[in-house]
Amino acid sequence: MSEFTLPDTLRSSSPAVGIVLGSGLGGFVDSLSGGKTYQYSELGGLPESKVPGHAGRLHLGKIGGIDVIVAQGRIHLYEGWSAREAASMIRLFDELGVKILILTNAAGIVNANLKPGRWMLISDHLNLTRQSPLSGTAQFIDQSEVYSRELRELLRAESLELSGTRLPEGIYAWINGPEYETPAEIRMLRTLGADAVGMSTVPEAIQARALGMRVAALSCLTNYGAGLSSQPLNHEEVMAVGKKAAGELFSLLESTIPAMVEI
Ligand code: HPA
């Protein structure tokens, strides 16, 4: 029995690639060709996001000639949802046959060598919430390569080709939020080996691996973590940076997705 009630047009689609957009990256969908759009409220079984900048729409379309499904708006623990609920979209993608998942997010910089406004490829994560989308099951899944090495290599090579610059890779720390970190917490995260910090992505990545998908994840580095810059953080600033980065992401995925489905 499916946990979702979906319109027939969606149920009969067969996207090869699923994409989840992070805060402020909604502009990405303007570049999608063709396809249909569904409001989350039209889909039975999905929790509804209430955060500004998280629209709650699902789009079918093509990128680089490949059928994709794009979720604009995700579910976070800080809204009161569980990790399992935060990963609902990934189980929906799985029901449609998605095999490759590309997760994006807005994240704060923990490693001061990284630059705001740039993308960071996630190589691994620290789950500091200690919540799991697999809680209540006995899925003892291997996590030695949550973020596919092959997909990362493709994305890095393509980014170098497109922009002439290297796409940095790093460790993403998942925290509950919704408040941003204190300077002491940012120092702690750096000591633990984190390069960036945010409030999403990890439950979806864990769920996707449990379902056998290959996963790539990219953080849009919107701001320095507290204490690394003299400016206080605000949600509007995070959204503004994301807008610009959405265009770059689309170009990168347009040239990488056709190769991703071949490997
Ligand atoms: N911390 C946590 N999450 C975030 C940040 C941050 O500084 N920026 C964007 N998402």
Side-chain angles (χ1 to χ4, degrees), residues 19-28 49-56 71-81 83 86-87 89 102-131 133 146-147 167-206 216-249:
I19 300 170
V20 179
L21 296 176
S23 293
L25 297 170
F28 183 93
S49 172
K50 301 169 194 78
V51 185
H54 289 266
Q72 184 183 8
R74 55 151 64 96
I75 306 304
H76 300 86
L77 292 199
Y78 60 73
E79 297 166 75
W81 304 107
M89 187 58 77
I102 302 170
L103 299 168
T104 66
N105 62 43
I109 293 174
V110 174
N111 173 351
N113 295 321
L114 294 166
K115 298 272 179 299
R118 299 275 319 269
W119 285 97
M120 182 192 89
L121 200 50
I122 299 179
S123 57
D124 204 349
H125 69 234
L126 292 166
N127 176 359
L128 299 177
T129 72
R130 303 320 307 150
Q131 305 294 311
V146 177
Y147 306 93
L167 187 56
E169 269 197 297
I171 313 280
Y172 176 86
W174 179 35
I175 49 105
N176 296 65
E179 72 283 4
Y180 293 121
E181 302 68 39
T182 63
E185 286 166 339
I186 293 292
R187 286 194 299 275
M188 173 192 75
L189 292 171
R190 186 66 191 134
T191 304
L192 294 176
D195 296 294
V197 56
M199 306 171 194
S200 68
T201 303
V202 170
E204 295 150 329
I206 295 170
L218 292 133
S219 287
C220 173
L221 303 170
T222 53
N223 57 276
Y224 283 112
L228 296 182
S229 135
S230 49
Q231 293 208 337
L233 307 187
N234 68 71
H235 188 61
E236 286 66 38
E237 178 194 17
V238 168
M239 301 290 293
V241 174
K243 230 179 178 144
K244 188 172 140 280
E248 284 171 36
L249 175 72

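Ligands are counted one by one from 1 in listed order, and the atoms in each one are counted from 1 as well.
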Check your understanding: Would Glu185 and Leu128 count as a side chain to side chain contact (heavy atoms under 4.5 Å, CB included) if you check the C-alpha gap in whole Å, the side-chain angles of each, and the deciding distance to 0.1 Å?
Key -> CA-CA 12 Å; Glu185 286 166 339; Leu128 299 177; over 6 Å; no
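Geometrically, ligand 1 and Glu181 share a nitrogen or oxygen pair separated by less than 3.5 Å.
Ligand 1 places these atoms under 4.0 Å from at least one heavy atom of Thr222: 8 (N), 9 (C). Taking every non-hydrogen atom of Gly108 and a distance limit under 4.0 Å, the qualifying atoms of ligand 1 come out as 4 (C), 5 (C), 6 (C), 7 (O), 8 (N), 9 (C). Short contacts between ligand 1 and Asn223, defined as distances under 4.0 Å to a heavy atom of the residue, involve ligand atoms 5 (C), 6 (C), 7 (O), 8 (N), 9 (C). Interface atoms of ligand 1 facing Ala106, defined by a heavy-atom separation under 4.0 Å, are 9 (C), 10 (N). Counting the atoms of ligand 1 from 1 in the order shown, those under 4.0 Å from a heavy atom of Met199 are 2 (C), 3 (N). Each of the following atoms of ligand 1 lies closer than 4.0 Å to a heavy atom of Ala107: 5 (C), 8 (N), 9 (C), 10 (N). Listed by number with element, the atoms of ligand 1 under 4.0 Å from a non-hydrogen atom of Gly198 are 2 (C), 3 (N). Within the listing of ligand 1, atoms 1 (N), 2 (C), 4 (C), 5 (C), 6 (C), 7 (O), 8 (N) sit less than 4.0 angstrom from a heavy atom of Tyr180.
In this structure, the side chain of Trp119 does not engage the main chain of Leu218 through any donor-acceptor pair within 3.5 Å. No donor-acceptor pair closer than 3.5 Å links the side chain of Asp124 to the backbone N or O of Ile171.
Residues Val146 and Ile206 have side chains not in contact (no heavy-atom distance under 4.5 Å, counting atoms from C-beta outward).
Listed by chain and residue number, nothing satisfies the salt bridge (charged side-chain N to carboxylate O under 4.0 Å, His left out) test with Glu179 (two or more places apart in sequence, or in another chain). Annotation: side chain to side chain contact (heavy atoms under 4.5 Å, CB included) contacts of Gln131 (sequence neighbours excluded): Leu77, Ala83, Thr129, Trp174.
Closest approach of Ile122 and Tyr147 over heavy atoms only: O-CB, 3.5 Å.
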